[in-house]
> 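If you scroll down you'll find the structure; I have some questions about it.
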Amino acid sequence: MKRIFFKLFSFILAFFSLVSSAHSQQSFAAAQDSLKKLSVLDHQDMLEKLKITSLRPGANGSDSSAPNAVNYDETKANPFPKLPDALTFKNGNKVTAAKDWWLRRKEITEDFDREIYGRTPANTPRVNWKIVQSIDTVFDGIPAVQQKLSGQVDNSIYPDITVAIQLTLVFPVAKNNVPVVVEFTWGSFRRPGDTSKIAAPEWQVNCLKRGWGFALLVPTSIQADNGAGLTKGIIGLMNKGQRRKPEDWGSLKAWAWGAGRVLDYFETRKEINAKNVAIAGHSRYGKAALVTMAYDTRFAIGYISSSGEGGASLYRRNYGEITENVAASGEYHWMGGNFIRYAGPLSWNDLPIDAHELIALSALRPVFIGTGDKGDYWADPKGMFMAAAAAGPVYKLLGKKDMGSTVFPKVEIGLRDGEIAFRQHSGGHTAAPNWPSFLEYAAKYFDNKKN
């Protein structure tokens, strides 16, 4: 009898578990569908503001027979081979001296603000940081301090919207003035308070072994990764809950702003050498890391992984993801509204700038462009390499080294002798295989810049 009762009880538990799981999946799907619909409405609002009635379709990566099927044929990849010259002023004069670059840099930054990423408001609010939890822990046998932090954004201009930046900081025990690698994280991390010797990502352990710290920044705590959230987060706060204007900033700029507020805080911590802070990110967060490097010159070095279109890949390339994909309702929120025009009434070749100039904005500081092989073609590895190569003349003008080659290297052959580095690993769309190479690369600069 007991055995029958136990089986019946187990069946009931399993049944309710299945019902609960199905309900949760349905609820999640409904929420995602709602976000998509709201994003489409916001996207349409921006199209109306821009007086655009239709956009060209993006590259179709799932149907090779579609009229707009994604292109992976290198012979068709460069319809606009001539890039804007980073070292030519708008009046046609050449930049021939290092001191003149900083004037030209302002022109390039203005173009990116107006046409690509949008303008960061001048009056962004202060952020008040507090340590929510601090514990002693162990990573692969290395004693460390793990802190969970919250950066409360002053919302006195519009109390209806609250923004709290989420950050996890880990640094070696009893050490001060350490370099820190900040990663825009996808949210994968062990629970705060867990002191067990569970596996951590190798790059994090590697940082601690080098005597460095690392920090995991949650971008979506700054600004949502969808168009529906543009009336919330830091963008919504600055607009007091209203929708964006065409020149307002997008999520990439907002995430970069949040990273800057993290660095503000690090400048107050004795444990951290704020002059030796790296910014890293993969995929869309690789785009954010490159934008961060371009706009906040305090970051010492960047690891830009598989950033693709809107990041390190050339806009004038037709390979993998293209401008039309980023301008559509699923991704437009990353950019300023004006960017959408280049998928409609304007063409890629009408852009006054291209990705090589975004990379050049990182000069004089080193930047590591990483990518994968098969499985990462959507991000256009060669397009990122070409942009990195085209940024080289700016670095050389400023007395730094470029990649040292304009020939696309073989997989696993890194170019890491200059202030622009590039490496394509044999994996797919992942940052993991290039982390050891990046950390080794960063060590050359951190070890030579202790203070």
Side-chain angles (χ1 to χ4, degrees), residues 59 61-62 64 70-74 77 139-140 181-190 198-210 212 214 216-217 219 225 278-290 293 301-314 317 319-322 325-326 331 355 359 366-389 403 405 407-417 420-443:
S62 59
S64 60
V70 64
N71 177 59
Y72 291 130
D73 183 347
E74 193 60 42
F139 282 74
D140 197 25
V181 178
V182 179
E183 183 193 39
F184 287 114
T185 181
W186 295 83
S188 177
F189 192 66
R190 63 182 183 177
I198 61 173
E202 184 180 355
W203 75 266
Q204 296 175 8
V205 175
N206 198 337
C207 282
L208 294 173
K209 286 181 177 179
R210 293 176 180 274
W212 305 352
F214 66 88
L216 306 176
L217 172 60
D225 189 15
I279 186 69
H282 173 68
S283 196
R284 66 197 62 188
Y285 296 153
K287 305 180 203 295
L290 186 54
M293 282 290 291
I301 189 171
Y303 174 25
I304 317 303
S305 175
S306 300
S307 59
E309 188 79 3
S313 181
L314 293 170
R317 286 265 293 177
Y319 193 101
E321 186 175 33
I322 56 176
N325 294 96
V326 179
E331 299 179 1
I359 297 171
V367 60
F368 182 106
I369 309 295
T371 179
D373 188 15
K374 294 178 182 179
D376 207 17
Y377 287 171
W378 184 254
D380 189 10
K382 189 170 183 179
M384 289 185 279
F385 171 81
M386 292 169 65
M403 286 192 300
S405 176
V407 178
F408 192 45
K410 294 181 179 180
V411 175
E412 307 288 0
I413 302 299
L415 301 173
R416 295 174 291 167
D417 291 334
I420 305 177
F422 180 88
R423 187 175 187 273
Q424 184 181 22
H425 61 72
S426 58
H429 191 61
T430 172
N434 270 338
W435 268 110
S437 294
F438 168 70
L439 294 178
E440 182 180 344
Y441 179 71

> Measure the spacing between NZ of Lys382 and CG of Leu314 and express it to the nearest 0.5 Å.
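The CG atom of Leu314 is 11.5 Å from NZ of Lys382, to the nearest 0.5 Å.
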
> Would Glu309 and Glu331 count as a side-chain contact (heavy atoms from CB on, under 4.5 Å) if you check the C-alpha gap in whole Å, the side-chain angles of each, and the deciding distance to 0.1 Å?
CA-CA 11 Å; Glu309 188 79 3; Glu331 299 179 1; over 6 Å; no

> Which atom pair, heavy atoms only, marks the closest approach of Ala289 to Gly281?
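That closest heavy-atom pairing would be CB-N, 3.7 Å.
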
> Would you give the length of the straight line joining atom CD of Glu202 to atom CH2 of Trp435, rounded to the nearest 0.5 angstrom?
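Interatomic distance, Glu202 CD to Trp435 CH2, rounded to 0.5 Å: 11.5 Å.
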
> Can you see which heavy atom on Pro381 is nearest to which on Gly372, and at what distance?
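For Pro381 and Gly372, the tightest heavy-atom pair comes out as CG-O, 3.5 Å.
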
> What is the minimum heavy-atom distance between Ile420 and Tyr441, and which atoms define it?
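Looking at all heavy atoms of both residues, the shortest contact is N-OH, 3.9 Å.
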
> Can you name the nearest heavy-atom pair linking Ser307 to Gly286, along with the distance?
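Where Ser307 meets Gly286 most closely, the heavy atoms are CB-C, 3.6 Å.
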
> Donor-acceptor pair, distance only, cut-off 3.5 Å: does the side chain of Tyr303 make one with the backbone of Val181?
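Checked: no pair found.
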
> Quick check for you: to the nearest 0.5 Å, what is the distance between Phe368 atom CZ and Ile301 atom CD1?
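If we round to the nearest 0.5 Å, Phe368:CZ and Ile301:CD1 are 9.0 Å apart.
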
> What pairs with Lys209 under salt bridge (charged side-chain N to carboxylate O under 4.0 Å, His left out), at least two apart in sequence or on another chain?
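Counting only residues at least two positions away or on another chain, Lys209 forms a salt bridge (charged side-chain N to carboxylate O under 4.0 Å, His left out) with Asp140.
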
> Of all heavy-atom pairs between Thr371 and Ser306, which one has the smallest distance, and what is that distance?
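Between these two residues, the closest heavy atoms are CA-OG, 3.8 Å.
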
> Quick one: pull up CG in Leu415 and CD in Gln424 and give me the separation to the nearest 0.5 Å.
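Rounded to the nearest 0.5 Å, the CG-CD separation comes to 11.0 Å.
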
> Walk me through whether Glu440 and Arg210 qualify under side-chain contact (heavy atoms from CB on, under 4.5 Å).
CA-CA 10 Å; Glu440 182 180 344; Arg210 293 176 180 274; 4.1 Å; yes

> side-chain contact (heavy atoms from CB on, under 4.5 Å) between Arg423 and Glu412: does it pass, once the steps are laid out?
CA-CA 7 Å; Arg423 187 175 187 273; Glu412 307 288 0; 2.5 Å; yes

> Could you tell me which non-hydrogen atom of Tyr319 sits nearest to which non-hydrogen atom of Asp380, and how far apart they are?
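So the two residues come closest at CD2-OD1, 3.4 Å.
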
> Quick one: does Asn325's side chain have a donor or acceptor within less than 3.5 Å of a partner on Ile322's backbone?
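A pair under 3.5 Å: yes.
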
> To the nearest 0.5 Å, tell me how far Thr185 OG1 sits from His282 NE2.
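Going from OG1 on Thr185 over to NE2 on His282, the span is 12.0 Å.
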
> Has His429 got a side-chain atom pairing as donor or acceptor with Ala379's backbone, closer than 3.5 angstrom?
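Not at all, since once roles are kept as given, no pair shorter than 3.5 Å links the two residues.
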
> Closer than 3.5 angstrom, by distance alone: can the side chain of Gln204 be matched with the main-chain N or O of Phe214 as a donor-acceptor pair?
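No, because the side chain of Gln204 does not come within donor-acceptor range (under 3.5 Å) of the backbone of Phe214.
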
> Do Met384 and Ile359 have side chains that get closer than 4.5 Å, going by heavy atoms?
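When only atoms from C-beta onward are counted, Ile359 and Met384 do not touch, as no gap falls below 4.5 Å.
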
> Roughly how far, to the nearest 0.5 Å, is the CD1 atom of Ile279 from the CZ atom of Phe184?
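CD1 of Ile279 is found 4.0 Å from CZ of Phe184.
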
